[in-house]
Amino acid sequence: MTEPLLLMTPGPTRVPEQVLRAGARPMLHHRSPEFSQVLAAVMERLRPVMGTREPVLPVHTTGRGAMEAAICNLFSPRDEVAVCCNGKFGEMWADLAQLYGLVVHRIAADWNRSVDPLLVEAALVENRRIRGVLFAYCDTANGVRNDVAGIARVARARGALVLVDGVSAIGGMPFEFDDWDVDFAVTASQKCLMSGPGLAFVAVSERAWSAAASGRLPRSYWDFAEIRQHVTRPKPETPGTPPVHVICQVAEALAMIHDEGLERGFRRHEDMAALTRKRAGELGLQLQCPRLEQFSPTVTAIAVPPGVQPSTLRERLKRRGILTAAGLGIFAASGFRIGHMGNIQVADVERTMAALEAVLASPLSPLPSLRSGQAPPGEGHGKV
Ligand SMILES: Cc1ncc(COP(=O)(O)O)c(C=O)c1O
């Protein structure tokens, strides 16, 4: 059998052998006591990862689905929200909110900068009708790490709900839902939780539950109140049929995460990110957004040297057994991304950067010019 590619991608990430095996067990019926136990273990083990005493709800969808669910659970048409658009996933929040008829104020829209909480405060002072502030903790397009605690502080001071997309962050970096006063946060199975894709987890604050009670957007499949009602029973279950095997995988992955220890895991992520940035610099590469105030420990966006096509560079890395991710949105034509999250280890980063050094030392074909008006590859929300 040929060696599988080393997935240095910001999701899906490498699924450890032990987790793969947990997903290969014979079918468990989703109303059985055995499955209830697995679900209860997942919810319990996720609490410290999300930094909450609230029940963590499974939502049978991907990260984006749970973001959409948050909009229709917590808001009503014409509600006003401020969305920090300093990356593709901030923009995704804005598009989703707009689609559901919310009035969206796009703020902090420079992809090269972290969100400045003062900008959020200014938007809230200027427009007192804003009911929510939506942003990504880590935006996977540029590798920014936004200051959740700082943004939440200014938002809460003005009575706005705080909604955090933690899809490519939670599990790989500290997250304190309760202490940071966050109202909604989401993560998904396929990134730092190193399991198969198809499952999201959300935390919801008391304030957000009150908002949900008065929210007038329709919701059914992903009605948070119905999910909470089912999962908080003495024998927890889900409203419909969940992806049983993904839940089994996440239970195993969380056991591994706790065995390593959250703090140690976070340090490993920081070490991998620092090594990636250091080695990229030594190879003469620029970060895609060098002026970010804070970089995420889970993903690094790197600019390709002038005249090099990102797809060529990535293809050469692939031939050396390493899969990286394309640049996203406005960075599609100028960069690529290295994911270092979940089960990825420092040794995997070293192997990747050694391969990158070898690739850069060999001739790379020149960048063919794009015809004007032609979209670079990798556009569209479906492509992450
Ligand atoms: C920060 C962020 N938010 C949301 C999403 C969407 O998640 P999914 O692909 O699970 O729908 C992604 C996916 O890459 C992401 O990185």
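Keep in mind that the numbers below use all heavy atoms, side chains included, and drop hydrogens, waters and symmetry copies. Order of listing sets the numbers, starting from 1, for every ligand and every atom in it.
- By the 3.5 Å distance cut-off applied to N or O atoms, Thr62 is counted among the residues near ligand 1.
- Of the possible donor and acceptor atoms, one in the side chain of Lys191 sits under 3.5 Å from a partner among the backbone N and O of Pro10.
- Residues passing the side-chain contact (heavy atoms from CB on, under 4.5 Å) test with Ala141 are Lys88, Trp111, Asp139, Leu328, sequence neighbours excluded.
- For the residue pair His105/Glu80, the side-chain donor-acceptor check at 3.5 Å is satisfied.
- For a threshold of 3.5 Å applied to N or O pairs, the pair formed by Met67 and ligand 1 contains no separation below that value.
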Please evaluate residues Glu260 and Arg268 with respect to the criterion salt bridge (Lys or Arg N to Asp or Glu O under 4.0 Å), reporting the C-alpha separation (whole Å), side-chain torsions for both, the decisive distance (0.1 Å), and the verdict. CA-CA 10 Å; Glu260 181 182 20; Arg268 173 170 57 82; 2.7 Å; yes
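- Ligand 1 places these atoms under 4.0 Å from at least one heavy atom of Lys191: 12 (C), 13 (C), 14 (O), 15 (C), 16 (O).
- Residue contacts with ligand 1: Ala66 is excluded, as none of its non-hydrogen atoms falls under 4.0 Å.
- Proximity of Asp139 to ligand 1 is not established, as no heavy-atom distance is less than 4.0 Å.
- With a heavy-atom cut-off of 4.0 Å, Pro197 does not touch ligand 1 at all.
- Interface of Cys138 with ligand 1, defined as ligand atoms under 4.0 Å from a residue heavy atom, comprises 1 (C).
- Those atoms of ligand 1 that come under 4.0 Å of a heavy atom in Thr140, given as number and element, are 1 (C), 2 (C), 15 (C), 16 (O).
- Ring geometry for Tyr137 against Phe175 counts as tilted: the plane angle lies between 30° and 60°, on a 0 to 90° scale.
- In the hydrophobic clustering (ILVMFWY side chains linked at under 4.5 Å, chained through shared members), Leu5 is joined by Leu7, Leu323.
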